Amino acid sequence: MPELPEVETTVSDLKKKIVGLKIIDVWADAKRLIKKSSFEIFKKQIKNAEIKKIERRGKNILIYLNPKSYSAKSDISREAHYTLDLKILLIHQKLTGHLLYGIWMMDKGRWTPKEKGPLNESVNRFIHLVFFLNNGKMLALSDLRKFAKVVLGSAEEILNSKDIKELGPEPLEKTFTLKKLKEAVRDKKAKIKQVLMDQKVIAGIGNIYSDEILWQAKIHPFKPANKLKNKELKAIYEAMGEILEKAVKLRGTSISDFRDPEGRKGNYVEILSVYQREGEECPRCGRKVKRIKLGGRSAHYCPKCQKL
DNA sequence: CGATTCCCCTGATAGC
DNA sequence: TGCTATCAGGGGAATC
């Protein structure tokens with residue numbers, strides 16, 4: 001499932017590939033993915049939009065669009081007007097969504113990659129939304145579960161929406177200090193794993209990395225956040241930075257079906273210590289990794305290293 | 001207000 | 001073999 005490192009991988013790749021291109025058409029077979037507007041309106045609004053920049057905020061992908069591209073670029077007032085008019089295409093990939101970039105042909109109702117390569121082994125059968133670009137290539141959203149969320153709105157609208165505005169701090173920003181973590185976590189009575197995954201507390205951490213961070217910090221996932229000692233908070237803070245940075249460097253984890261825009265898997269899966277390793281030996285002490293339920297989610301931990 | 005439960009969706013897997 | 005039931009899981013809404 002895409003969390004901060006996976007979304008960062010997607011965003012940094014897409015920045016290199018599609019900024020400056022124009023969206024000339026859109027296709028979808030799961031129109032429900034598009035929220036807050038009908039597909040027809042969405043299509044009308046996005047056609048001929050130019051991709052200006054791409055950012056990540058938490059697990060959200062923000063694609064800034066200039067909705068109309070005029071050739072009269074020398075007209076400064078018009079340029080200024082359209083800057084104010086910028087739209088944002090927000091994509092949240094949820095569990096199984098991911099963006100792919102390439103060329104596909106529709107064959108017997110299925111999108112098939114034109115060329116041999118990683119995209120062939122990818123999850124093409126779950127492509128439900130396709131943006132056609134003016135360089136002949138396509139940006140496709142593959143999503144097995146169809147849980148992804150796609151919203152188009154004015155830049156102001158999107159940046160002020162709950163999706164973005166209510167997000168907590170970015171854990172990899174330099175401004176995210178130990179003090180900030182303490183402030184965010186201090187008064188929370190909930191279990192630390194839940195708190196780490198709460199997007200309002202810290203943006204971008206989900207089930208995989210919360211398990212990995214807590215294992216490295218030697219903290220039991222059920223420990224109430226407000227009971228953590230300074231030393232423990234420091235350990236969480238350091239593990240968070242190290243693990244997320246390493247995962248970004250390794251281009252994410254492909255535990256379910258995450259792929260980068262070219263259809264390649266992330267490499268962090270080989271580094272995982274506890275996530276989805278129930279019954280395997282803890283890499284630190286050899287005790288068998290346990291899995292416990294936490295509100296419909298599963299937490300993986302080492303019962304010897306991570307005592308409650 | 002906080003905590004819990006349900007729901008969205010569908011492939012994989014277990015049980016019969 | 002083939003059908004049915006169960007499960008996973010981010011996040012939002014409804015409910016306790």
Side-chain angles (χ1 to χ4, degrees), chain A residues 1-8 10 28-36 39 56-62 90-99 109-111 121-129 141-151 153 158 160-168 170-171 184-213 221-227 244 247 252-259 269 272 274-279 289-301:
Chain A
M1 68 214 72
E3 300 178 29
L4 186 153
E6 291 75 34
V7 181
E8 184 62 33
T10 300
D29 73 346
K31 300 181 178 174
R32 260 172 303 173
L33 295 178
I34 289 136
K35 316 292 176 186
K36 296 182 185 173
F39 178 68
R56 179 189 62 76
R57 183 71 178 94
K59 300 178 196 171
N60 297 277
I61 298 169
L62 302 176
L90 178 150
I91 301 174
H92 192 305
Q93 309 174 97
K94 297 280 179 78
L95 297 173
T96 53
H98 47 270
L99 289 169
R110 272 190 189 179
W111 289 106
E121 296 124 47
S122 194
V123 273
N124 300 288
R125 50 194 274 237
F126 306 120
I127 289 176
H128 296 301
L129 179 63
L141 176 67
S142 161
D143 187 6
L144 184 154
R145 293 276 185 279
K146 295 185 189 168
F147 278 179
K149 172 180 192 169
V150 178
V151 188
I158 299 288
N160 285 314
S161 68
K162 283 186 181 178
D163 292 325
I164 300 302
K165 219 176 180 183
E166 291 190 356
L167 288 175
E170 285 290 332
V185 161
R186 186 184 290 151
D187 55 337
K188 302 273 186 302
K189 277 179 269 180
K191 301 174 174 80
I192 183 61
K193 180 174 165 73
Q194 277 182 324
V195 173
L196 291 182
M197 290 198 299
D198 184 342
Q199 301 304 297
K200 292 186 189 115
V201 178
I202 300 163
I205 297 172
N207 218 16
I208 299 174
Y209 296 104
S210 58
D211 276 357
E212 294 297 307
I213 290 164
F222 281 15
K223 185 125 184 173
N226 60 0
K227 295 257 170 75
L244 293 178
T253 303
S254 292
I255 198 77
S256 54
D257 56 1
F258 170 71
R259 297 291 185 278
V269 64
L272 292 175
V274 285
Y275 183 76
Q276 288 218 340
R277 293 196 182 278
E278 184 186 14
V289 170
K290 270 198 167 183
R291 183 167 81 136
I292 45 176
K293 283 273 188 178
L294 199 174
R297 307 290 179 267
S298 47
H300 309 78
Y301 74 108

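Because the structure is a prediction, the values reported are computed rather than measured. The basis for the numbers below is simple: all heavy atoms, side chains too, and nothing from hydrogens, waters or symmetry mates. Each chain gets a letter, A, B and so on, in the order the sequences are listed, and its residues count up from 1.
Proximity note for A/L95 (side chain, C-beta onward) versus B/dT10, C/dG10, C/dC7: the nearest is C/dG10. Taking the side chain of A/K149 as heavy atoms from C-beta on, and the options B/dT10, C/dG12, C/dG9, the nearest nucleotide is C/dG12. Closest to the A/R297 side chain, of the nucleotides B/dG11, C/dG9, C/dA8, is C/dG9. Checked against C/dA8, B/dT10, B/dG11, the side chain of A/R291 finds its nearest nucleotide in C/dA8. Nearest to the side chain of A/K146, among C/dG11, B/dT10, C/dA8, sits B/dT10.
Listed pair A/S298 / C/dA8 fails the phosphate criterion, with no side-chain N or O lying under 4.0 Å from OP1 or OP2. For A/Q199 and C/dG11, the shortest distance from a side-chain N or O to OP1 or OP2 is below 4.0 Å. Residue A/K293 has a polar side-chain atom (N or O) positioned under 4.0 Å from OP1 or OP2 of C/dA8.
Look at CE on A/M197: it is 6 Å from P on C/dG10, rounded to the nearest Å. Rounded to a whole Å, the CG atom of A/N207 is 10 Å from the C1' atom of C/dG10. For the pair A/L294 CG and B/dT4 P, the interatomic distance rounds to 10 Å; values are reported in whole Å. The separation between A/F126 atom CZ and B/dA12 atom P is 7 Å, rounded to whole Å.
Ring-to-base geometry places A/F147 in a stacked arrangement with C/dG10 (centre distance under 5.5 Å, plane angle under 30°).
A donor N or O paired with an acceptor N or O is not found under 3.5 Å between the base of B/dG11 and the side-chain atoms of A/R125.
Salt bridge present: A/K149 and A/D163 bring a charged side-chain N and a carboxylate O closer than 4.0 Å.
Remark: A/K223 NZ is packed, more than 12 non-hydrogen atoms of other residues, nucleotides or ligands lying under 6.0 Å away.
Checked by atom type, the side-chain pair A/D211/A/H300 shows a donor-acceptor distance below 3.5 Å.
Residue A/A203 comes nearest to A/G168 through the heavy atom pair CB-O, 3.5 Å, listed as atom of the first residue, atom of the second, then distance.
When the nearest nucleotides of DNA chain C are assigned to A/D163 and A/R145 by heavy-atom distance, the more 5′-ward of the two goes with A/R145.
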